[in-house]
Amino acid sequence: MNKRFSGSRFRLSVFLCIHVPLLLAAVLLFALAHPNPLSVRGFPLAAYFAFVPLFVLVRRISLRASFLWGAVYGFLCYCAYSYWLGAFHPLALYVITGLYLFWMALIVPLLKLADILFPKKGYLLQWALWIGYEYVKTLGFNAFCYGIIGYSQWSWPAVIQIAALTGVWGVSALVVFPSAWIGAGCNAALACRKETADAAPACPRGKFFLAAFRRFAVREKIPALVWSVCLAFTLVFGAVSLQRTADGPSVQVALIQPNSDPWHGGLPAYRREFRKLSALSDAALAARPDVDFVVWPETAFIPRIEWHYKYREDRESFNLVQDLLRYLDSAPVPFVIGNDDAVRVTGPDGRDMRVDYNSVFVFFPGENVIPPAPERYRKTHLVPFTEHFPYRDAFPWVYDLLVASDTHFWEKGSEYTVFQIGGLRFSTPVCFEDTFGYLSRRFVNAGARAIVNLTNDAWAKDICCQYQHLAMSVFRAVENGVPLVRSTATGQTAAVDPAGRVVAMAEPFTETWLVADIPLLPDTGKTLYRIWGDLWGVLFLAVSPAVLLAGTVFRMVRKIRSGNSSCT
């Protein structure tokens, strides 16, 4: 009884004094690496060590326990990192934290399996598995790019230039490797320290640990040297890339930031919002007569412009639309506006129904304003659950819950539109569309020479959310070698050059405007990312499970052979 009690007490002490602190340290480092309440730019250096506690924890826990530890890690990471989702709706935070509870309940056991199958070289497989996981989580209906560790480097332009070759996956690979290598060294040193300390208990434990870690470093010097060479190449390539400048003609764009969430308050609020947007636009045009066009944020004007003009079901909405169109038609420059685009179609039951699209309209005064016939882009990648839920028939209770939560659903667009104003060919990903590399790549390969993002992050009411979004968007400029500008409801309204440097930014949470120069770049050559796309992510995703499967099969075959030889 005493032995059983002492054993339980020992396990509890290990749990409380070692495992839980490792878990909390891993969560804290993950959150600190990205924009966070302590630093809106994040702590990029922390990213290189963010997974050391996790990899050490993986070695110490059992395969069976790894499912639970992984679930807790995923849940806590996204509570700490994306806490701002609760400001939008508690359901959004539950969905995301639940999703990553599930993801990590799968990934951490795979990390543990890699450690079991390859005791000495398993850290290399763990490294590859993590990059593969980061890629796969950007696919499908639940795709969510927030939390990819490579984005933590957004404020270090010299480091992120390799995204032009590899996308964000090369940056993530560079960042994750030190954690995997150091974690493996710590595990080897801890195991050796225990063995040596048992043999010579009087010797200092720290001395054993350092000596064992040095032996690991010598043994695994080749991977470390390869990483060092890659880091040196990254920095040199980055330094050379940053020397390039975009000389020549440019287009001036006024980016309007109204500092409000336009969706609340009904028609009186919509009219106040229109007055604010038009006043800010007039101020920008008065201060900078050389402006070529004006951009309003995502769904900045709420009443459906074409719908209310055509059907006139609501007189007040029609009057407000008329006021907008008169203003746009008398403006000296074109306007790029976010709006809810609605069309009438025949439903399955034969009745007329309205279909909505989260859209961008381009109005040219005197040409396509009255009657409204704007050029348009309809958002193609909708936010899961909050903008789009395609499983209504399979999960009607989820759909009903979302509707009860005042969710506004849209349909997907299908065209990758390229607009042209003043010689500038540009495309307009809407809100979190600029977090997906593949989407901006399609726009640029379709002919866009700049990205103009329209965003509404006002619902979060949080500076960290806005900086996390900006951190991802700067990669789209680097990957495609084009400038990027953002017009947002509350921030971060900014201009980013083709090297991913934020060259201008409006003060967040203020009513303001920002005029940015967008260089007119010729399409003289494609970046490798424009040619390869997310090939590096695909390779990590393909290779790591294949190696894991091969290791499992090899282990099973070896066990069978060992059993047969013992029988003989």
Side-chain angles (χ1 to χ4, degrees), residues 30-31 33-36 42 44 47 50 74 77-78 80-85 88 92-93 95-100 102-104 107 130-155 160 163 166-176 298 358 379-388 412 429-444 451 453-457 460 462 464-480 484 486 488 492 496 500 529 533-538 540-541:
F30 177 82
H34 300 279
N36 61 79
C77 272
Y78 278 81
Y81 166 74
S82 57
Y83 63 89
W84 39 263
L85 281 168
F88 171 57
L93 184 60
V95 167
I96 291 300
T97 54
L99 176 64
Y100 283 91
F102 170 78
W103 266 121
M104 287 296 106
I107 299 303
W130 192 269
I131 311 305
Y133 145 72
E134 287 196 334
Y135 172 67
V136 78
K137 86 187 195 80
T138 68
L139 306 176
F141 167 69
N142 289 323
F144 192 66
C145 298
Y146 287 77
I148 291 175
I149 199 66
Y151 288 133
S152 65
Q153 306 301 295
W154 73 280
S155 59
I160 68 174
T166 65
V168 69
W169 318 116
V171 182
S172 279
L174 191 72
V175 169
V176 174
E298 175 192 16
N358 190 347
K379 189 174 182 180
T380 61
H381 196 130
L382 299 172
V383 180
F385 297 101
T386 59
E387 289 185 344
H388 182 60
K412 288 184 177 182
V430 177
C431 200
F432 100 139
E433 283 190 316
D434 69 350
T435 70
F436 293 94
Y438 86 91
L439 192 55
S440 291
R441 174 175 173 262
R442 288 182 181 178
F443 283 133
V444 174
I451 299 296
N453 173 242
L454 286 70
T455 284
N456 176 13
D457 284 335
D462 190 272
C464 296
C465 167
Q466 295 178 175
Y467 265 94
Q468 287 172 10
H469 193 166
L470 174 66
M472 291 180 278
S473 68
V474 300
F475 275 74
R476 308 294 83 89
V478 179
E479 288 166 349
N480 298 287
L484 175 144
R486 309 179 75 233
T488 70
Q492 299 304 112
V496 181
Y529 179 80
D534 293 314
L535 175 63
W536 284 91
V538 173
F540 278 106
L541 177 61

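Applying the salt bridge (Lys or Arg N to Asp or Glu O under 4.0 Å) rule to Arg476 yields the partners Glu479; only residues at least two apart in sequence or on another chain are considered. Among residues two or more places apart in sequence or in another chain, the side-chain contact (heavy atoms from CB on, under 4.5 Å) test is passed with Thr97 by Phe75, Tyr78, Cys79, Leu93. Remark: Asn36 pairs with no residue by the side-chain hydrogen bond (donor to acceptor under 3.5 Å, both in side chains) rule, at least two apart or across chains.
Put simply, the side chain of Glu298 gets close to the backbone of Asn456: a donor and an acceptor are under 3.5 Å apart. Although no hydrogens or angles enter the test, the distance criterion places a donor-acceptor pair under 3.5 Å between the side chain of Glu433 and the main chain of Thr380. A donor-acceptor distance shorter than 3.5 angstrom exists from the side chain of Asp462 to the backbone of Cys465, with no hydrogens or angles considered. Distance alone, capped at 3.5 Å, places no donor-acceptor pair between the Ser172 side chain and the Trp169 backbone. Using modelled atom types, no side-chain atom of Ser440 and backbone atom of Gly437 make a donor-acceptor pair closer than 3.5 Å. A donor-acceptor pair under 3.5 Å is absent between the side-chain atoms of Gln468 and the main chain of Ser82, judged by distance alone.
Ile149 places a side-chain heavy atom less than 4.5 Å from the side chain of Val176. A heavy-atom distance below 4.5 Å is found between the side chains of Cys431 and Asp457. For the pair Thr488/Leu470, no side-chain contact is recorded, criterion being any heavy-atom separation below 4.5 Å from C-beta on. With a 4.5 Å cut-off on side-chain heavy atoms, Tyr133 and Met104 count as touching. Residues Val175 and Gln153 have side chains in contact (heavy-atom distance under 4.5 Å, counting atoms from C-beta outward). Inter-residue side-chain proximity for Met472 and Phe436 is flagged as unmet; no heavy-atom pair is nearer than 4.5 Å. Side-chain contact check for Ile451 versus Val444: some heavy-atom pair is nearer than 4.5 Å. Between His381 and Val430 there is no side-chain heavy-atom pair separated by less than 4.5 Å.
Enclosure of atom CZ in Phe102 is not indicated, since only 12 or fewer non-hydrogen atoms of other residues, nucleotides or ligands lie within 6.0 angstrom. Within 6.0 Å of CH2 in Trp130 there are more than 12 heavy atoms belonging to other residues, nucleotides or ligands.
Rounding to the nearest 0.5 angstrom, the gap separating the CZ atom in Arg441 from the CG atom in Leu439 is 11.5 Å. Rounded to the nearest 0.5 angstrom, Ser473 OG and Gln492 CD are separated by 9.5 Å. Of the inter-residue distances, the one linking Cys145 atom SG with Phe432 atom CZ reads 7.0 Å to the nearest 0.5 angstrom. Between atom CG of residue Asp534 and atom OH of residue Tyr529 there is a gap of 3.5 Å, rounded to the nearest 0.5 Å. Taking CD1 of Ile131 as the start and CG of Leu541 as the end, the distance is 11.5 Å to the nearest 0.5 Å. Atom CG of Leu99 is separated from atom CG of Asn142 by 5.0 Å, given to the nearest 0.5 angstrom.
A perpendicular orientation is assigned to the rings of Tyr151 and Phe475, their planes being inclined by more than 60° (bins at 30° and 60°). Ring pair Phe144/Tyr100 is tilted by interplanar angle, where 30° to 60° counts as tilted.
Here the closest heavy-atom approach between residue Gly147 and residue Tyr81 is recorded as N-OH, 2.9 Å. Contact record, Ser152 with Ala33: CB-O, 3.3 Å, taken as the closest heavy-atom pair. The minimum heavy-atom distance linking Thr138 with Glu134 is given by the pair CG2-O, 3.4 Å. Nearest heavy atoms, Lys137 versus Ile148: CE-CG1, 3.8 Å. The two residues Val478 and Ala163 make their nearest non-hydrogen contact at CG1-CB, 4.0 Å. Phe540 and Gly132 make their closest contact through CB-N, 3.8 Å (heavy atoms, listed as atom of the first residue, atom of the second, distance).
Inspection of the Thr455 and Asn453 side chains reveals an N or O donor paired with an N or O acceptor under 3.5 Å.
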request  = Dump the intermediate steps for side-chain contact (heavy atoms from CB on, under 4.5 Å) on Leu139 and Tyr438, then the final yes or no.
outcome  = CA-CA 10 Å; Leu139 306 176; Tyr438 86 91; over 6 Å; no
